[in-house]
Amino acid sequence: MDFSLTEEIKFLCKGVQKFVKEEVEPVAMEIEQSNEIPEIVKEKSKELGLFGISIPEEYGGLGLDMVGKCAIYEELGKTHNGYTTLIGAHTGIGSVGIVELGTEDQKQKYLPKMATGEWIGAFALTEPSAGSNAANLKTRAEKKGDKYILNGSKHYITNAVDGHVFTVMAVTDPTKGAKGITSFIVEKDFPGFQLGAVEEKMGLRGSHSAELFFEDMEVPVENVLGEEGQGYVNALKILANGRAGLAARNLGSCVKLLEHCMDYVFERKQFGKPLFEQQAIQHMLADISVQIETLRSLTYRVAWMTDQKQRVVREAAIAKLYGSEVYNKVADLAVQIHGGVGYMKDYPIERYFRDARITKIYEGTSEIQRNIIAGELKRGGGK
Amino acid sequence: MNIFVLMKRTFDTEEQIVVKDEQVDESGAEFIINPYDEYAIEEAILQRDEHGGEVTVVTVGDEEAEKELRTALAMGADKGVLIDREEIEELDQAGIALILSTYLSEQEYDLILCGNVAVDGGSGQVGPRVAERLGIAQVTTATAITINGSQVTIRRDVEGDEEEVEVSLPVLITAQQGLNDPRYPSLPGIMKAKKKPLEVIDLDDLDLDEEDFELKTRNVEVFLPPKKESGEMIDGEPAEQVKTLIAALKI
C-alpha cells in the first residue's frame with residue numbers, strides 16, 4: 001500500500017496551503033467576531049477553484065479521487081472551521097448526490113455552476129423529528145402531473161443561507177417507512193421554498209445553518225434524484241461518502257492545533273524555563289502526536305480503499321468516529337497546554353475547542369457510527 | 001505579441017537562512033518563484049490576455065526549477081523553458097545573462113519581463129545585462145505598463161518618486177512591487193499545467209560551453225548579518241532616567 005501523494009496532489013495542496021495562510025487565516029478572527037466570511041474570501045476561493053474539488057473534470061471540476069480530496073480537506077482543516085465547513089459541506093454532502101446519482105441532464109444543469117461556486121450546494125435531511133432516526137421524516141412529497149408538491153420543514157441545514165441547490169429528502173409513500181422516501185434536487189428559487197431562521201450555534205461561526213420551509217413547493221419530476229423510494233438509501237450513501245473527508249478536515253485541525261502548541265511551549269516560560277521543559281507538557285504533546293498519526297493513517301487508508309472501489313462502510317464509520325473523538329481530545333489538550341491563553345477569545349485555541357464539538361454530532365453522531373460499525377461486524381462475522 | 005518572462009527560483013522568504021562552509025545551506029529549504037518575477041509573470045499574463053500572443057517563462061537552473069515553471073504555467077503562462085546549467089559550478093549574473101540572451105536572440109520577442117531584483121542575491125543585474133546584450137531598450141522598476149500598438153508607456157518607481165517613460169517594442173522591463181497583484185495558481189490551472197509544454201534545453205543547444213563563461217564577480221565571504229544586541233534597561237526615577245538617556249544619546 002502506497003500512502004505517498006502524487007506530485008500533482010502535492011502541488012494542489014501547496015496552492016491551497018498558501019491560499020489558506022495568506023487569505024483565510026488573517027481573517028479568521030474577523031470571521032469569528034462578525035459571524036461572516038468576508039465576501040472577498042468567498043470570491044477568491046471560487047477563483048481558486050476550491051468549490052470544484054469533488055466535481056468531475058467534464059463538468060468543470062477537478063475530478064479528484066478520495067485521496068486527493070482528503071489531502072485538500074486536510075489543508076482546509078488548518079484554518080477557521082466555519083470557512084472549512086462552507087467548502088466542505090458544498091463539496092461533500094451538498095454535491096456528491098448529484099455527482100453519484102444524478103442523470104446526465106441533472107449533471108449538465110447543476111454541476112458546472114456548482115464547480116465554480118456560483119451555486120452552492122447543501123444537504124437537507126434533518127428535521128425536528130428526524131435526527132439520528134433519519135427515516136422518521138415528515139416532509140411530504142406528492143406527485144401531481146409532472147410535478148411533486150413538497151410540504152414540510154427541515155432544520156440545522158448547513159450552507160442553507162449561501163445555498164442555491166439542495167438535496168432534499170421527503171416522503172413520497174408514508175406506508176413504506178424508510179422505503180417510501182425519495183430524494184429531490186431543490187433550488188432555492190422554486191415557488192414555495194422559504195428560508196427560515198438562522199440558527200445560533202456554539203461554534204462554526206461564519207457557516208450558517210438555518211431552517212427550511214416548504215409550502216406547496218413545486219419540484220419538477222426531472223428533479224427526482226435517483227429512483228423514487230430510494231431516498232433513504234441515497235442519503236446514507238451520500239453521508240458515507242463524506243466520512244473520510246470529515247476525518248481529513250479534523251486531521252487538519254489537529255495538525256494546526258499541534259503547531260500552535262509547539263510555538264507556545266517554547267515561547268512561554270514558567271518556573272524559569274520554557275513550558276516544553278515540563279515533562280507533563282511533553283507527554284501531552286506526545287499524546288497529540290500519536291493521535292494525529294493514527295488518524296492520518298486511518299483517514300488515508302479509507303480514502304485509498306474508497307479509490308480502489310472497496311467496501312468501506314465500516315472503515316469510513318471508524319474514521320469519522322475516531323476523527324471527531326481525536327479532534328475533541330486534541331483540542332482539549334491544546335487548551336490545557338495553553339492554560340489561560342487557551343481559554344481566551346483573543347487566541348484561536350478556544351475556537352477550535354468549540355468547533356470540535358459538533359464533529360461528534362453532525363453527519364451521523366458518534367453513536368450512529370458505532371451502530372454502523374457493529375452492524376458491519378455482525379454482517380462480516382467480526383472480520 | 002510574444003512575451004518572455006525571465007524567472008528565478010529563490011529561497012522561500014520565510015526560510016531561515018543557514019550559512020554552512022561559506023555557503024548558504026539549501027538542504028531541506030523551501031523554494032518559490034522570486035516574488036518580483038511573480039509580478040513579471042502576472043503582467044505577462046495580463047498583457048497577453050489584452051493583446052493576444054503567448055507567454056513563455058524561461059529559467060536557468062536544474063531540474064528542481066521545473067516546479068516553479070509548473071507554477072508559472074498553472075498561473076496561466078503558455079510555455080516553460082528550463083535551460084539546464086549543468087556542470088557549470090559558478091555562474092554569476094553575467095553568465096546567466098549570457099545564457100538568457102543567447103537563448104532569446106534565437107527567439108522572436110516583443111516584450112521581455114523580469115523581476116527588478118531577486119530576493120536572494122538582490123543584484124538586479126540580469127535583466128539589464130540581457131537587454132544590453134540583445135541591444136534593446138530597457139526600463140527598470142515598472143509600476144504600470146500600458147501597451148498601445150508598438151508604443152509602451154511605463155510608469156516607474158525612481159526611489160520613491162515616479163517617472164513616466166515611453167518606449168517602443170521590443171523592450172525589456174523589470175517589475176517593481178506594486179505593478180500588479182499576482183494571482184494564485186488556480187486548482188484547475190494546476191491540473192492543466194501538466195499538459196502544457198515544458199522544454200528542457202542544455203548549453204549545447206545554445207552553442208555555449210564552459211569556456212564562454214568568465215566570472216565578472218567574486219564571492220569574497222558569505223556571512224550572516226550580526227545579531228542585534230539586546231537593549232539596555234534604564235532604571236531609576238523618570239527624571240534620572242531621562243538624564244541617563246540623554247547622556248547615552250550624546251556620546
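No hydrogens, no waters, no symmetry mates; every other heavy atom, side chains included, goes into these values. Protein chains get the first letters and strands the later ones, always in sequence-line order, with residue 1 at the start of each. Values in this document were obtained by computation on a predicted structure and should not be read as measured data.
- Between B/M191 and A/L12 the shortest heavy-atom distance is SD-CD1, 3.8 Å.
- Between atom CZ of residue A/F11 and atom CG of residue B/L187 there is a gap of 10.5 Å, rounded to the nearest 0.5 Å.
- The ring pair (Phe, Tyr, Trp, His ring centres under 6.0 Å) test applied to A/Y300 returns no partner, not counting sequence neighbours.
- Within the 4.5 angstrom heavy-atom criterion, only side-chain atoms of A/L64, from C-beta onward, approach chain B.
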Record all donor-acceptor atom pairs with a distance under 3.5 Å between chain A and chain B; write none if the list is empty.
from	atom 1	to	atom 2	distance (Å)
A/E8	OE1	B/K194	NZ	3.4
A/E8	OE2	B/K194	NZ	3.3
A/K21	NZ	B/E14	OE1	2.5
A/K21	NZ	B/E14	OE2	3.3
A/E22	OE1	B/Y184	OH	2.8
A/E23	OE2	B/Y184	OH	2.7
A/L48	O	B/L187	N	2.7

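- Looking at every heavy atom in both residues, A/G49 comes nearest to B/P188 through CA-CD, 4.0 Å.
- Every residue meeting the salt bridge (charged side-chain N to carboxylate O under 4.0 Å, His left out) condition with A/E293, not counting sequence neighbours, appears here in chain and number order: A/R296.
- The distance from atom CD1 of B/I190 to atom CG of A/L48, rounded to the nearest 0.5 Å, is 7.0 Å.
- With sequence neighbours excluded, the residues satisfying ring pair (Phe, Tyr, Trp, His ring centres under 6.0 Å) with A/F266 are A/F276.
- The contact between B/P185 and chain A is made entirely by backbone atoms, counting heavy-atom distances below 4.5 Å.
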